[in-house]
Amino acid sequence: QVQLEESGGGSVQSGGSLRLSCTVTGTIANNYFMGWFRQGLGKEREGVATYYPLVDKTYYSDSVKGRFTISRDNAKNTLSLEMNSLKPEDTAVYYCATGRTNPRAFQPLNVTTYNYWGQGTQVTVCS
């Protein structure tokens, strides 16, 4: 059974930075994606950044490209999200996720791709 736990959320001024971490326990299949999602108040959950270990590639939504960086530390079994130049519109609950519900589909930023989710951590960006 895979379990994920996020940490590192909080409040920050616009233009500031935060680093989120996700501790992963359990066995991750080699074709799983590992990603970060977010859900703002009254909004749908959306993909932010994904790492695909099988080919060591990353994927970002247009809204965060150039500002956020996803990385994995295999030794510590963690997935991180470095967030810079934060904006008020980045305010959301951020979730760590992993999985591959359909091995034939390649949709790294799609919510339905992921089997396992963390509880989420709140990020608030004040203007």
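It should be emphasised that the depicted structure is a prediction, and the values quoted were computed from it without experimental measurement.
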Run the side-chain donor-acceptor check on residues 88-100: report pairs under 3.5 Å with partners two or more places apart or on a different chain.
| unit_1 | atom_1 | unit_2 | atom_2 | d |
| --- | --- | --- | --- | --- |
| D90 | OD1 | R38 | NH1 | 2.9 |
| D90 | OD1 | R67 | NH2 | 3.0 |
| D90 | OD2 | R67 | NH1 | 2.8 |
| D90 | OD2 | R67 | NH2 | 3.4 |
| D90 | OD2 | K87 | N | 2.8 |
| T91 | OG1 | P88 | O | 2.9 |
| T91 | OG1 | V125 | N | 2.9 |
| T91 | OG1 | V125 | O | 3.4 |
| Y94 | OH | R38 | NH1 | 3.0 |
| Y94 | OH | D90 | O | 2.6 |
| T98 | OG1 | F33 | O | 2.7 |
| R100 | NE | A105 | O | 3.2 |
| R100 | NH1 | N31 | O | 2.8 |
| R100 | NH1 | Y52 | OH | 3.2 |
| R100 | NH2 | P103 | O | 3.4 |
| R100 | NH2 | A105 | O | 2.9 |

So, do Y114 and Y32 have ring centers that fall under 6.0 Å from each other?
->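 Aromatic pair excluded; centres sit 6.0 Å or further apart.
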Below 6.0 angstrom between ring centroids: does that apply to W117 and F37?
->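 So the answer is yes for these two rings.
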Member of N84, L81, T124, L86 meeting the side-chain contact (heavy atoms from CB on, under 4.5 Å) criterion with L18 |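 Testing each of N84, L81, T124, L86 against L18, the sole residue satisfying side-chain contact (heavy atoms from CB on, under 4.5 Å) is L86.
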Sequence neighbours excluded, the answer for side chain to side chain contact (heavy atoms under 4.5 Å, CB included) partners of T69 is Y60, E82
Answer yes if the side chains of T101 and N115 hold a donor-acceptor pair under 3.5 Å, and no otherwise.
->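 No.
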Consider only side-chain heavy atoms of I, L, V, M, F, W and Y, link residues closer than 4.5 Å, and tell whether Y116 and V24 are in one cluster.
->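 Yes; V24 is reachable from Y116 via cluster members.
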Residue pairs involving residues 58-91 (criterion disulfide (SG to SG under 2.5 Å); sequence neighbours excluded) | none
[X] vs [Y] side-chain heavy atoms within contact, under 4.5 Å:
X   : Y   : value
R72 : S80 : no
M34 : P53 : yes
T25 : N77 : no

Residues L4, Q119; criterion side chain to side chain contact (heavy atoms under 4.5 Å, CB included); working and verdict = CA-CA 8 Å; L4 306 104; Q119 296 291 328; over 6 Å; no
Minimum heavy-atom distance K76-D73, with the two atoms named |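 For K76 versus D73, the nearest heavy atoms are N-OD1, 3.1 Å.
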Give the minimum heavy-atom separation between L79 and W36, together with the two atoms involved.
->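 Distance-wise, the nearest heavy atoms are O-CZ2, 3.4 Å.
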N/O donor-acceptor pair under 3.5 Å between [X] side chain and [Y] backbone:
X    : Y    : result
T113 : Q107 : yes
N30  : L54  : no
E6   : G120 : yes

Passes side chain to side chain contact (heavy atoms under 4.5 Å, CB included), V123 versus L20? Steps please.
-> CA-CA 9 Å; V123 170; L20 305 182; 4.0 Å; yes
Step by step, work out the side chain to side chain contact (heavy atoms under 4.5 Å, CB included) result for K57 and Y51.
-> CA-CA 6 Å; K57 281 197 73 174; Y51 174 63; over 6 Å; no
